[in-house]
K.L.:
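Can you read through this structure? Questions will come right after.
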Amino acid sequence: MKVLVRAPAAQETTVKKREAEGFAGTILDHYAGHKRKLPWREDITPYRILVSEFMLQQTQVERVLVKFPLFLQRFPDFSALAGAALKDVLASWQGLGYNRRAVNLWKTAMSVVKEHRGQLPAGADELVRFPGIGFSTAGAIVAFAFDKPVVFIETNIRRVFIHFFFQDRTGVKDREILPLVEATLDRENPRQWYYALMDYGAMLGRSLPNPNRRSAHYARQAPFEGSDRQVRGGVIRALLGKGTLTKKTISSTLGVEAGRMARILSGLEKEGLIARNGNGYQLP
DNA sequence: CTCCTGAGGA
DNA sequence: TCCTCAGGAG
């Protein structure tokens with residue numbers, strides 16, 4: 001395979017020619033020997049790809065591997081998910097984190113059924129209009145579900161390109177990486193190429209200090225203990241177990257001061273994760 | 001642009 | 001402590 005990589009002329013770090021020529025071979029050689037067998041890479045359908053991509057937003061592959069088959073068994077297709085009650089979707093989502101993603105996935109399924117005749121659109125421009133689908137997820141869906149050549153970046157891809165082409169740089173912006181992704185893209189087999197890139201990136205993450213720390217977009221996660229996120233997760237779990245609870249009961253159960261709890265409940269309600277029911281709150 | 005959003009395993 | 005196949009609000 002011949003691969004051409006051109007770096008912007010004014011770019012401080014120039015692409016080393018030898019690395020550029022060996023890049024695709026290195027990635028594909030690793031893939032040949034270490035390709036990950038993942039359920040969403042078998043029996044590929046737009047629905048299965050969509051569900052996996054939502055789950056994989058900020059959640060590690062190992063945990064998604066446990067939840068994905070259970071979720072697919074419970075909600076096997078767009079119609080089943082769109083017709084489900086949100087509380088049942090949230091129940092199946094427990095353990096994955098970021099419950100808001102479950103709401104977005106559910107809303108996206110309903111939109112696909114009601115406004116797209118049950119067919120997930122195959123274009124990134126259309127996909128980003130669904131809630132919870134941004135640039136990265138749209139690109140991944142186009143590449144993985146439809147095997148179409150599309151240029152996108154997510155954390156593993158970012159890691160690979162920083163490692164190979166920005167060796168001596170910090171503060172690398174995605175704008176700088178994107179042209180390299182486009183130049184190296186295998187337009188005949190984009191799905192396999194992105195699988196290979198991501199598997200290589202996952203390998204790099206385990207064997208090196210994270211190259212993404214040199215990304216301009218790198219942000220360290222705020223501590224979880226004592227955070228609003230922790231309380232929000234507790235609220236959803238409490239309502240899943242008890243049905244309807246008053247604000248006072250929720251506050252005392254979770255040991256959170258009333259004013260703070262009021263603010264958190266207001267946020268959850270605004271995001272559609274909980275609903276008022278008279279004097280209390282419940283899952284929608 | 002900054003900040004927020006869960007949970008769990010290494 | 002570190003990170004996770006990001007998206008969205010402001």
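Proteins get letters first, then strands, A, B, ... in listed order; numbering begins at 1 in each. The figures that follow rest on heavy atoms only: side chains count, while hydrogens, waters and symmetry mates do not.
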K.L.:
Is A:Lys35 salt-bridged to A:Asp199, going by a charged N under 4.0 Å from an acidic O?
P.N.:
no

K.L.:
Rounded to whole Å, please give me the gap between CG in A:Leu105 and P in B:dT5.
P.N.:
21 Å

K.L.:
Heavy atoms, side chains only, cut-off 4.5 Å: are A:Arg169 and A:Glu176 in contact?
P.N.:
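They are in side-chain contact.
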
K.L.:
Answer yes or no: does a side-chain N or O of A:Lys270 lie under 4.0 Å from OP1 or OP2 of C:dG10?
P.N.:
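Looking at the OP1 and OP2 atoms of C:dG10, one of them is under 4.0 Å from a side-chain N or O of A:Lys270.
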
K.L.:
Mind checking if A:Gln60 touches a base, just sugar-phosphate, or nothing, with heavy atoms under 4.0 Å?
P.N.:
base

K.L.:
Are the charged groups of A:Glu42 and A:Arg48 less than 4.0 angstrom apart, N to O?
P.N.:
no

K.L.:
Write down the distance separating the C1' atoms in B:dT5 and C:dC3, rounded off to the nearest Å.
P.N.:
16 Å

K.L.:
Please give me every residue in residues 212-228 of chain A whose heavy atoms get under 4.0 Å of an atom in DNA chain C, ordered by residue number.
P.N.:
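Going residue by residue through residues 212-228 of chain A, the ones with a heavy atom under 4.0 Å of DNA chain C turn out to be A:Arg213, A:Tyr218, A:Arg220, A:Gln221.
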
K.L.:
Taking C:dG7 as the reference, what is the distance to B:dG8 when you measure between their P atoms (whole Å, please)?
P.N.:
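Their P atoms lie roughly 23 Å apart.
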
K.L.:
Let me have DNA chain B in dot-bracket notation, would you? Count Watson-Crick plus G-U wobble pairs, both distances under 3.5 Å, and use [ ] for pairs crossing earlier ones and | for inter-strand partners.
P.N.:
|||||.||||

K.L.:
Should the side chain of A:Thr59 and the base of B:dG6 be counted as holding a donor-acceptor pair, with the cut-off at 3.5 Å?
P.N.:
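Such a pair exists between side chain and base.
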
K.L.:
Could you tell me if the ring centre of A:Phe161 sits under 6.0 Å from that of A:Tyr200?
P.N.:
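A:Phe161 vs A:Tyr200: aromatic centres not under 6.0 Å.
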
K.L.:
Is the phosphate of C:dC3 approached by A:Thr155 (side-chain N or O, under 4.0 Å from OP1 or OP2)?
P.N.:
no

K.L.:
Cation-pi check for A:Tyr195 against A:Arg41: NZ or CZ below 6.0 Å from the six-membered ring centre and within 45 degrees of the axis, yes or no?
P.N.:
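That pair qualifies as a cation-pi contact.
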
K.L.:
At less than 3.5 Å, do the side-chain atoms of A:Arg63 and the base atoms of B:dA7 form a donor-acceptor pair?
P.N.:
yes

